[in-house]
J.: 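Here it is, the structure in full.
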Amino acid sequence: MRAAPNPNGPWHLGHARMPAVIGTYCDRYDGEFVVRFDDTDPETKRPDLSAYDAILDDISYLGFEPDEVLRASNRVETYYEYARELIEMGGAYTCDLPAEEFSELKREGTPSPNRDKDPETVLEQFEGMVNGEYSAGEMVLRVKTDIEHKNPALRDWVAFRMIDRPHPREEAADYRCWPMLDFQSGIDDHLTGITHIIRGIDLQDSAKRQQFVYDYFDWEYPEVLHWGHVQIDAYDIDISTSTIKELIDAGDLDGWDDPRAPTLQSIRRRGIRGEAVVESMIGLGMSTSDVDLAMSSIYANNRDLVDEGANRYFLVRNGERVPVGGDEKPAAGSPPLHPNHEDRGRREIPVDDAVLVEPDDLPNDGERIWLKGYGCVRYDDGAFVATGDDIDAVREEGVDVIHWVPADNTVSVTMRTPDGDLTGEAEPGFAETDVDEIIQFERIGFVRVDDHAVDDSVVYYAHD
RNA sequence: GCUCUGGUGGUGUAGUCCGGCCAAUCAUAUCACCCUCUCACGGUGAUGACCAGGGUUCAAAUCCCUGCCGGAGCACCA
């Protein structure tokens, strides 16, 4: 099986579907996973040189290792050879009709006057194309199909056209005569032994077009399945590489891994495992209609994967400083690193004379609240007074449990989320977490530690 | 205009080919409750769907017809 990306940028979430599905199939049935960059248009779908590696990187993030990586722009001579063969069989003809003119004839089912040229002339003109003797728009090579085919999309389609602008890859910069997707892809699928093709509904007619070429060569066409587009909820941004690129260029996004971007690099940085994405993509099935992927599905999968491993810490946003007093006041709090794993030990959070809590968590005056891992306090006149109550206050008397941090010696944290950046103060022990570690800020959510700078750590928010 | 293709709860999906075991599966979501010193994890329960109308049949989500709604192609893009 193969994934045939157009290397125009790093992948967005929707792109994950192809490697997820074919990778899973290949793993399951011991198949071959071929990545073929279909980079045969240096003009309108101009390849982005950095995208080749970025895409391979995205695939590896998803957990797949391609068996073979090809670039169509390395294989142009091969396409020429098959074109020559096709011409000799009388299966293709050079055509100098302007696009609009041919389009009109096609609509009526009228053949191009070039259609019956003898193969020698065609071959000669095709070599002219190969040698760059024509400019863009002057000459194309058409596959001779059926000019009266009831589906106009299949009538004598273009196999090669001229492009004046050099390919960005140096190795391919000299070519001017480029194959169209249907020709290139059709030849490659056969040559690389692809047995099963999955592609989008936008390419519904491709197989039917390519079938004409396969018939000329007497090849057997692979099994084909089409699926609809994937839309993803939870993003304001259009899921399209070009839109994301524009937003980055305009400075609205910091880059492909901005937490607001619907890209694989983004969710990777947020600590979401490729496996979680793959599972969700597999769950979408193979429907030909468009589907909406709920991010919550990816989040649920990821939560399953990371919860056991994620140690717990406190982070207080918009911290309200509240003095703590009372004779029963403990010197420190010691909540467990993980509620289901006492063996991992407990955090020690020393409390001097005040704590920070989130404004929404402040109880009404005179009411009690339980500072998790620390103890019960009563809120009196803007200060907490330790009550010395035991845990039954929570279990039986309905006292709420909240998270908190000491007022001093905290770690400043910037939390980058899909909805923008937040700041807060984390408990001292947070400083000991490793970069790349996935932790949970209790009552807030799972985050990936991105950076521990001297006075401001950065985390990327994954999900709650 | 021509040609493809599809419509099962909020979302995704199973079932549709070979009609009955489907008063419709599973997941996610939402809401309760249990557990719990997190609104995490785990457990229990609830909510919620066969596009519409005809037809065939003892029996239709499944077969047929019509309609409605949607997606895609008809590029010298991929």
Side-chain angles (χ1 to χ4, degrees), chain A residues 4-8 37-41 43-47 72 95-100 102-103 106-107 109 134 136-142 149-155 157-163 177-178 180-182 184-185 199-206 208-209 226 228-233 241 279-301 303-304 306-308 310 312 314 333-336 338-341 370-376 390-395 399-403 440-446 463-464:
Chain A
N6 163 25
N8 64 341
F37 290 102
D38 283 352
D39 55 350
T40 55
D41 181 2
E43 187 68 49
T44 53
K45 291 274 161 103
R46 193 169 176 78
C95 180
D96 59 1
L97 246 39
E100 315 78 60
F102 178 81
S103 178
K106 179 178 69 178
R107 241 187 295 280
Y134 302 95
E138 289 180 355
M139 188 67 85
V140 297
L141 183 75
R142 291 185 183 283
H149 197 284
K150 62 175 184 170
N151 184 347
L154 310 188
R155 299 173 186 166
W157 46 274
V158 173
F160 287 82
R161 82 299 208 187
M162 303 302 299
I163 293 176
C177 175
W178 287 95
M180 298 285 288
L181 172 81
D182 281 317
Q184 172 266 121
S185 169
R199 48 164 75 112
I201 42 172
D202 48 329
L203 264 25
Q204 273 173 129
D205 292 329
S206 270
K208 293 169 192 157
R209 282 206 189 99
H226 296 99
H229 300 287
V230 185
Q231 294 153 77
I232 298 174
D233 68 355
T241 306
E279 277 176 36
S280 288
M281 289 296 172
I282 298 299
L284 291 181
M286 291 299 305
S287 158
T288 56
S289 39
D290 290 354
V291 292
D292 284 324
L293 171 64
M295 279 307 287
S296 60
S297 151
I298 292 177
Y299 294 157
N301 289 334
R303 198 177 294 121
D304 253 7
V306 302
D307 184 62
E308 282 296 304
R312 269 58 171 171
F314 290 149
S334 60
H338 191 114
N340 304 344
H341 295 280
W370 189 282
L371 300 180
K372 184 168 180 185
Y374 181 76
C376 191
D390 68 16
I391 193 61
D392 286 343
V394 171
R395 288 183 182 154
V399 172
D400 288 334
V401 176
I402 64 166
H403 62 288
Q440 187 206 52
F441 280 134
E442 296 200 48
R443 304 211 306 142
I444 294 174
F446 294 88
H463 48 73
D464 59 16

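All chains are named by letter (A, B, ...) in the order of the sequence lines, taking the proteins before the strands, and each is independently numbered beginning at 1. Since the model is a prediction, treat every value here as computed from it, not as a measurement.
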J.: For the pair made of NE2 in H229(A) and P in rU5(B), what is the distance, rounded to whole Å?
T.: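 Spelled out: NE2 on H229(A) to P on rU5(B) is 16 Å.
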J.: Within a strict 4.5 Å, meaning less than it, do heavy atoms of the D464(A) and I444(A) side chains meet?
T.: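 Counting from C-beta outward, D464(A) and I444(A) never come under 4.5 Å.
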J.: When we call it a touch if two heavy atoms are under 4.0 Å apart, what does P98(A) touch: a base, just sugar-phosphate, or nothing?
T.: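 Base contact.
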J.: Rounding to the closest angstrom, what is the interatomic distance between rA49(B) and rU25(B) at atom P?
T.: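 Roughly 12 Å separates the two P atoms.
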J.: Please state the P separation for the pair rC65(B) and rG45(B) - nearest whole angstrom.
T.: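 Roughly 43 Å separates the two P atoms.
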J.: Distance check, P atoms only: rG7(B) and rC31(B), in whole angstrom units.
T.: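 Per the computed distance, 31 Å lies between those P atoms.
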J.: Name the nucleic acid region contacted by V158(A), choosing base, sugar-phosphate or nothing; use a 4.0 angstrom heavy-atom cut-off, strictly under.
T.: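 Since only primed, P, OP1 and OP2 atoms lie under 4.0 Å of V158(A), the category is sugar-phosphate.
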J.: Could you state the CG-P distance from D290(A) to rG12(B), rounded to the nearest angstrom?
T.: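 So the CG-P distance, D290(A) to rG12(B), works out to 10 Å.
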J.: When both hydrogen-bonding distances must be under 3.5 Å and the geometry is Watson-Crick or G-U wobble, what is rA72(B) paired with, if anything?
T.: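 WC or wobble partner is rU3(B).
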J.: Is rG53(B) paired to anything, Watson-Crick or G-U wobble with both distances less than 3.5 Å, and if yes, which nucleotide?
T.: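 rC65(B) - that is the nucleotide pairing with rG53(B), both distances being under 3.5 Å.
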J.: How about Q440(A) and H338(A): does a side-chain donor come under 3.5 Å of a side-chain acceptor?
T.: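 No, no side-chain donor-acceptor contact under 3.5 Å.
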J.: Could you tell me how far rA23(B) sits from rA29(B) if I compare only their P atoms? Round to whole Å.
T.: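 That atom pair is separated by 28 Å.
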J.: If the C1' atom of rA40(B) is compared with that of rU47(B), how far apart are they to the nearest Å?
T.: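 It comes out at 24 Å once rounded to the nearest Å.
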J.: By the 4.0 Å heavy-atom rule, please label R395(A) as base, sugar-phosphate, or nothing.
T.: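 Sugar-phosphate: the residue R395(A), judged by heavy atoms under 4.0 Å, touches backbone atoms but no base.
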J.: Quick one: are I201(A) and H229(A) in side-chain contact, heavy atoms under 4.5 Å?
T.: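 Result yes, sub-4.5 Å side-chain heavy-atom pair found.
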J.: Considering Watson-Crick and G-U wobble pairs with both distances under 3.5 Å, what does rA78(B) pair with?
T.: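 None - no nucleotide pairs with rA78(B), as no candidate has both distances under 3.5 Å.
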J.: With a 3.5 Å limit on both atom pairs, tell me what rC58(B) is paired to, counting Watson-Crick and G-U wobble, or say none.
T.: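 The answer is rG20(B), by the H-bond criterion.
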J.: Looking at rC37(B), which nucleotide sits across from it as a Watson-Crick or G-U wobble partner, both distances under 3.5 angstrom, or is there none?
T.: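 For rC37(B), the partner nucleotide comes out as none, under the 3.5 Å rule.
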J.: Have a look at T40(A) and say if it touches a base, only the backbone sugar-phosphate, or nothing, with a 4.0 Å heavy-atom cut-off.
T.: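 Touches sugar-phosphate only.
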J.: Using a heavy-atom cut-off of 4.0 Å across all strands, would you classify F446(A) as base, sugar-phosphate, or nothing?
T.: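 F446(A): backbone/sugar contact only, no base atoms under 4.0 Å.
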J.: In whole Å, what separates the P atom of rA61(B) from that of rG20(B)?
T.: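 Pairwise P distance, rA61(B) against rG20(B), rounds to 10 Å.
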J.: Across all strands, who's sitting opposite rU11(B) as a Watson-Crick or G-U wobble pair, both distances under 3.5 Å?
T.: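 rU11(B) is paired, partner rA27(B).
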J.: Return yes if the base of rC37(B) and the side-chain atoms of K372(A) contain a donor-acceptor N/O pair under 3.5 Å, otherwise no.
T.: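 For K372(A), whose side chain was compared with the base of rC37(B), there is no donor-acceptor pair (under 3.5 Å).
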J.: Looking at side-chain heavy atoms only, is the closest gap between R312(A) and F441(A) below 4.5 Å?
T.: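 They are not in side-chain contact.
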J.: At their closest point, which heavy atom of A72(A) faces which heavy atom of D39(A), and how far apart are they?
T.: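 So the minimum-distance heavy-atom pair works out to N-OD1, 3.4 Å.
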J.: Atom CG of N301(A) and atom P of rG12(B): how far apart are they, to the nearest Å?
T.: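 Going from CG in N301(A) over to P in rG12(B) covers 16 Å.
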J.: Quote, to the nearest angstrom, the C1' distance that separates rC18(B) from rG10(B).
T.: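 My reading of the C1' atoms in rC18(B) and rG10(B) gives 34 Å.
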J.: Give a yes or no on whether the backbone of R155(A) and the side-chain of R209(A) come within a donor-acceptor separation of less than 3.5 Å.
T.: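 No; judged by distance alone, with no hydrogens or angles, the pair does not exist.
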J.: Looking across every strand, which nucleic acid part, if any, lies under 4.0 Å from L203(A) by heavy atom: base, sugar-phosphate, or nothing?
T.: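 The residue L203(A) makes base contact.
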J.: Base, sugar-phosphate or nothing for D292(A)? Non-hydrogen atoms, less than 4.0 Å.
T.: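 Counting heavy atoms under 4.0 Å across all strands, the contact made by D292(A) is with sugar-phosphate only.
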J.: Expressed as a whole number of Å, how far does the C1' atom of rU8(B) sit from that of rU3(B)?
T.: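 That atom pair is separated by 28 Å.
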J.: Whole-Å distance between rG10(B) C1' and L293(A) CG?
T.: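 Distance check: L293(A) CG to rG10(B) C1' gives 14 Å.
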J.: N8(A) near the nucleic acid: base, sugar-phosphate alone, or nothing, with a heavy-atom cut-off under 4.0 Å?
T.: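 Nothing: the residue N8(A), judged by heavy atoms under 4.0 Å, touches no strand.
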J.: Describe the nucleic acid contact of L284(A) in one word from base, sugar-phosphate, nothing, applying a heavy-atom distance below 4.0 Å.
T.: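 Counting heavy atoms under 4.0 Å across all strands, the contact made by L284(A) is with sugar-phosphate only.
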J.: Nearest-Å distance, CG (N151(A)) to P (rU3(B))?
T.: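 These atoms are roughly 8 Å apart.
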J.: Rounded to the Å, how far apart are D233(A) CG and rA29(B) P?
T.: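 So the two atoms are 12 Å apart, to the nearest Å.
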J.: Categorize I391(A) for me: base, sugar-phosphate, or nothing, with a 4.0 angstrom heavy-atom threshold over every strand shown.
T.: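 Base: the residue I391(A), judged by heavy atoms under 4.0 Å, touches a nucleobase.
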J.: Is there a donor and acceptor pair closer than 3.5 Å between the side chain of Q204(A) and the base of rU3(B)?
T.: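 Check fails, no donor-acceptor contact within cut-off.
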J.: Rounding to an integer number of Å, can you tell me how far R209(A) CZ sits from rC74(B) P?
T.: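 That distance rounds to 6 Å.
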J.: Report the base-pairing partner of rU44(B) (Watson-Crick or G-U wobble, both distances below 3.5 angstrom), or none.
T.: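 Pairing partner: rA32(B).
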J.: Could you tell me if the side chain of R395(A) sits less than 4.5 Å from the side chain of D390(A), heavy atoms only?
T.: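 Side chain of D390(A) against side chain of R395(A), heavy atoms only: no contact under 4.5 Å found.
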J.: Using a cut-off of 4.0 Å on non-hydrogen atoms, how would the nucleic acid contact of S280(A) be classed: base, sugar-phosphate, or nothing?
T.: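 Answer is nothing: S280(A) stays at 4.0 Å or more from every strand.
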J.: Is the positively charged end of R142(A) above the ring of F102(A), judged by distance under 6.0 angstrom from the centroid and angle within 45° of the axis?
T.: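 Positive - R142(A) is close enough to the ring of F102(A) and near enough to its axis.
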